[in-house]
Amino acid sequence: MKNDIINRDDIELLINSFYKKVQKDPLIAFFFTKIVPVNWEAHLPVMYGFWENILFFSGTYEGNPMAKHKSIHQKCPMKMEHFQRWTSLFNETVDELFEGDKAELAKQRAMSIATVMQIKMFS
């Protein structure tokens with residue numbers, strides 16, 4: 001049996017594992033390498049804080065992810081299949097590493113985030 005996501009260390013494991021997949025993915029990696037070359041040393045801690053706030057209401061994230069993604073969308077339009085792939089990789093990573101209420105919440109929140117972004121970008 002796998003453990004649930006219980007702290008920042010678990011979030012770091014999840015996010016590091018997820019973005020390793022993203023960086024190799026033939027459908028979405030180019031957003032992170034060509035469209036907006038990501039400085040991973042800066043980006044990953046932001047993502048840790050974002051997900052820690054999403055799952056534990058820690059207050060460790062301040063930012064506007066919608067504005068950042070709209071800016072990327074203007075450079076290279078994101079399509080539904082990009083969001084589906086992102087969600088699929090995220091869920092796959094959660095399921096490989098964790099199980100429990102917080103793991104399920106992480107997957108639900110990822111789907112909600114992807115859905116809201118699609119609605120705002122495509123409308």
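Just so it is clear, the values below take in all heavy atoms, side chains as well, and ignore hydrogens, waters and symmetry mates.
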task = For side-chain contact (heavy atoms from CB on, under 4.5 Å), just list the numbers for Y19 and K24, CA-CA rounded to whole Å, side-chain angles, deciding distance to a tenth of an Å, and then say yes or no.
result = CA-CA 9 Å; Y19 277 110; K24 297 175 188 173; over 6 Å; no

query = Can you tell me how far CD of E12 sits from OG of S17, rounded to the nearest 0.5 angstrom?
reply = 11.0 Å

inquiry  = Hydrophobic clusters here meaning ILVMFWY residues chained together by side-chain heavy-atom distances under 4.5 Å, can you tell me if V116 and F83 are in one?
reply    = no

inquiry  = Quick check against the 3.5 Å criterion: does H69 have a side-chain atom that pairs as donor or acceptor with the backbone of P65?
reply    = yes

query = Just wondering, do F31 and V22 contact through their side chains at under 4.5 Å, heavy atoms?
reply = no

query = Quick one: side chain to side chain contact (heavy atoms under 4.5 Å, CB included) partners of T33, sequence neighbours excluded?
reply = F30

request  = Could you list all the salt bridge (charged side-chain N to carboxylate O under 4.0 Å, His left out) pairs where at least one residue sits in residues 62-89, not counting sequence neighbours?
outcome  = D25-R85

query = If two hydrophobic side chains count as joined below 4.5 Å and joins carry through other members, does V36 share a cluster with M66?
reply = yes

key: More than 12 heavy atoms from other groups under 6.0 Å of CE on M111   = no

query = With side chains defined as the heavy atoms from C-beta onward, is the minimum distance between I5 and F56 less than 4.5 Å?
reply = yes

key: Residues forming a salt bridge (Lys or Arg N to Asp or Glu O under 4.0 Å) with D10, sequence neighbours excluded   = none

query = Between CD1 of I15 and NZ of K20, what distance do you get to the nearest 0.5 Å?
reply = 12.5 Å

key: Transitive ILVMFWY side-chain link I6 to L105, under 4.5 Å   = no

query = If two hydrophobic side chains count as joined below 4.5 Å and joins carry through other members, does I28 share a cluster with W40?
reply = yes

Taking only distance into account, with no hydrogens and no angle test, what donor-acceptor pairs under 3.5 Å do side-chain atoms of residues 43-53 form with protein atoms, sequence neighbours excluded?
residue: Y48; atom: OH; partner: N16; partner atom: OD1; Å: 2.6
residue: Y48; atom: OH; partner: N16; partner atom: ND2; Å: 3.3
residue: E52; atom: OE1; partner: R8; partner atom: NH1; Å: 2.7
residue: E52; atom: OE1; partner: T60; partner atom: OG1; Å: 3.3
residue: N53; atom: OD1; partner: S58; partner atom: N; Å: 3.3
residue: N53; atom: OD1; partner: G59; partner atom: N; Å: 2.7

W86 and M117, any side-chain heavy atoms less than 4.5 Å apart = no

remark   = The side chain to side chain contact (heavy atoms under 4.5 Å, CB included) partners of N39 (sequence neighbours excluded) come to E41, A42

query = Rounded to the nearest 0.5 Å, how far apart are CD of Q118 and NE2 of H73?
reply = 10.5 Å

Cut-off 3.5 Å, no hydrogens considered: what does the side-chain donor-acceptor table look like for residues 96-104, sequence neighbours left out?
residue: E96; atom: OE1; partner: K21; partner atom: NZ; Å: 2.8
residue: E96; atom: OE2; partner: K21; partner atom: NZ; Å: 3.0
residue: K102; atom: NZ; partner: L55; partner atom: O; Å: 2.8
residue: E104; atom: OE2; partner: K107; partner atom: NZ; Å: 3.0

